[in-house]
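For reference, the structure discussed in these notes is given below.
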Amino acid sequence: THVFSAGEDGIVYVTSLERGENKLLFYDSESETVYPVCGRPNCRHIPGVACAAVKDRVFAPLIYKDRLYYGTYEEGRYHLRVSDVSGENEKDLFALEEGYQGFGVRSIAADGSLYSTCEWYEFEETEGGEWKSGTELLRIDLATGEAGTLLQCEMEAGGQAWWELEHIYGSSIYFTARCRGTAEGDALEDGIYSLDL
């Protein structure tokens, strides 16, 4: 599966490798050539060798103002990383607390902030022993890495909610939302929503 982000000069995307690693690739729209996101000379861009393009778990790449942002999973936590578009000068910008299950497939950047969704699951100590879940819409300041929650949804055990960010226009963010209730046979409801930033 390819998850991608389009920038002014091309598209950055993630592809899976045979051993489970991912590779960050850049499609240069001018030359119509695909390059690994690694600026190291003589690098072979293969697993097991230090390479900026090959990572154990990498997802949701985004190009914004000549910087590359992407999610990774390390040591039991999900991180938001930033680097040059070449993959060099990588640094950790933000990390989710334990218990969160990662960032959304698609993030959006505007006005110096990155907007992304994240989910969490918690085992409820009830007679049925079911899972409780929640979804949050985060705004992460790209200069400081500070994050705040703009919107959150908590589902009772057995319920589910999914949000997918679509677009920012003016001072609003637009997203699709799907949810399923807790009762057996509850229909899936979905819609397009906007939120004033």
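Below, each value reflects all heavy atoms present in this structure, side chains not excepted, and no hydrogens, waters or symmetry copies.
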Check the pair Y27 / E32 against side chain to side chain contact (heavy atoms under 4.5 Å, CB included), numbers first and verdict last.
-> CA-CA 7 Å; Y27 171 76; E32 297 184 351; 3.4 Å; yes

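- Side-chain atoms of D141 come within 3.5 Å of backbone atoms of A143 as a donor-acceptor pair (strictly under, hydrogens ignored).
- Listed here is the closest heavy atom pair of C43 and A50: SG-O, 4.1 Å.
- Taking the side chain as every heavy atom from C-beta outward, L138 and L96 approach each other to under 4.5 Å.
- Looking only at distances, no side-chain donor or acceptor of R67 sits under 3.5 Å from a matching main-chain atom of V85.
- In D66, the CG atom is not crowded: 12 or fewer heavy atoms of neighbouring residues, nucleotides or ligands sit closer than 6.0 Å.
- The distance from the CG atom of N22 to the OG1 atom of T15 is 8.0 Å, given to the nearest 0.5 Å.
- Separation of atoms SG (C118) and CH2 (W163) is listed at 9.0 Å; rounding is to 0.5 Å.
- Using a 4.5 Å heavy-atom cutoff, the side chains of Y70 and H79 are not in contact.
- Distance CG/L137 to CD1/I173: 5.5 Å, rounded to 0.5 Å.
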Verdict with reasoning, I63 to F26, per side chain to side chain contact (heavy atoms under 4.5 Å, CB included) = CA-CA 10 Å; I63 297 174; F26 181 77; 3.8 Å; yes

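- Going from atom CD1 of I108 over to atom OG of S113 covers 12.5 Å, rounded to the nearest 0.5 Å.
- Taken from CG in L142 to OH in Y64, the straight-line distance is 6.5 Å, to the nearest 0.5 Å.
- The side-chain heavy atoms of V34 and Y13, taken from C-beta on, include a pair separated by under 4.5 Å.
- T149 places no side-chain N or O within 3.5 Å of a backbone atom of L151 that could act as its donor or acceptor partner.
- When atom types are taken as modelled, the side chain of D84 and the backbone of G87 share no donor-acceptor pair closer than 3.5 angstrom.
- Note: the hydrophobic cluster containing Y100 also contains Y73 (ILVMFWY, side chain heavy atoms under 4.5 Å, direct or indirect links).
- For the pair S83 and N89, the minimum side-chain heavy-atom distance is 4.5 Å or more.
- Counting heavy atoms from C-beta on, the side chains of F175 and S194 never come closer than 4.5 Å.
- Side-chain contact between L68 and L62 is absent, with no heavy atoms from C-beta onward closer than 4.5 Å.
- Remark: side-chain polar atoms of Y69 are not paired, donor with acceptor, to backbone N or O of A60 under 3.5 angstrom.
- Under 4.0 Å is where a charged nitrogen must lie from a carboxylate oxygen, and between E74 and R81 at least one such pair does.
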Which is it for F94 and Y78 under the side chain to side chain contact (heavy atoms under 4.5 Å, CB included) test, yes or no, and what are the steps along the way?
-> CA-CA 9 Å; F94 171 77; Y78 290 87; over 6 Å; no

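- The residue from L195, I140, L150 that alone fulfils the side-chain contact (heavy atoms from CB on, under 4.5 Å) condition with Y115 is L150.
- No more than 12 heavy atoms of other residues, nucleotides or ligands shown are found within 6.0 angstrom of CZ on R44.
- No side-chain heavy atom of D92 sits under 4.5 Å from any side-chain heavy atom of L80.
- Within a 6.0 Å sphere centred on CD of Q101, other residues, nucleotides and ligands contribute more than 12 heavy atoms.
- Under the 4.5 Å side-chain heavy-atom criterion for ILVMFWY residues, a single connected hydrophobic cluster contains both V82 and F59.
- In terms of heavy atoms, E88 sits closest to A52 at OE2-CB, 3.9 Å.
- Look at R178 and E164 and you find no salt bridge, because none of the NZ, NE, NH1 or NH2 atoms lies under 4.0 Å from a carboxylate O.
- Remark: the backbone N or O of L197 is paired with a side-chain donor or acceptor of R139 at under 3.5 angstrom.
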After noting the C-alpha distance and the side-chain angles of F103 and E119, does the key distance pass the side chain to side chain contact (heavy atoms under 4.5 Å, CB included) rule?
-> CA-CA 7 Å; F103 299 100; E119 298 177 353; over 6 Å; no

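- Closest approach of D196 to S172, counting heavy atoms only: CA-OG, 4.1 Å.
- Here the side chain of K23 pairs a donor or acceptor atom with the backbone of H45 at under 3.5 angstrom.
- Taking 4.5 Å as the limit, every side-chain heavy atom of Y174 sits out of range of all side-chain heavy atoms of Y193.
- Annotation for V14 and V58: closest pair CG1-O, 3.6 Å, computed over non-hydrogen atoms.
- Nearest approach of R106 to E166, heavy atoms of both residues: NH1-O, 2.6 Å.
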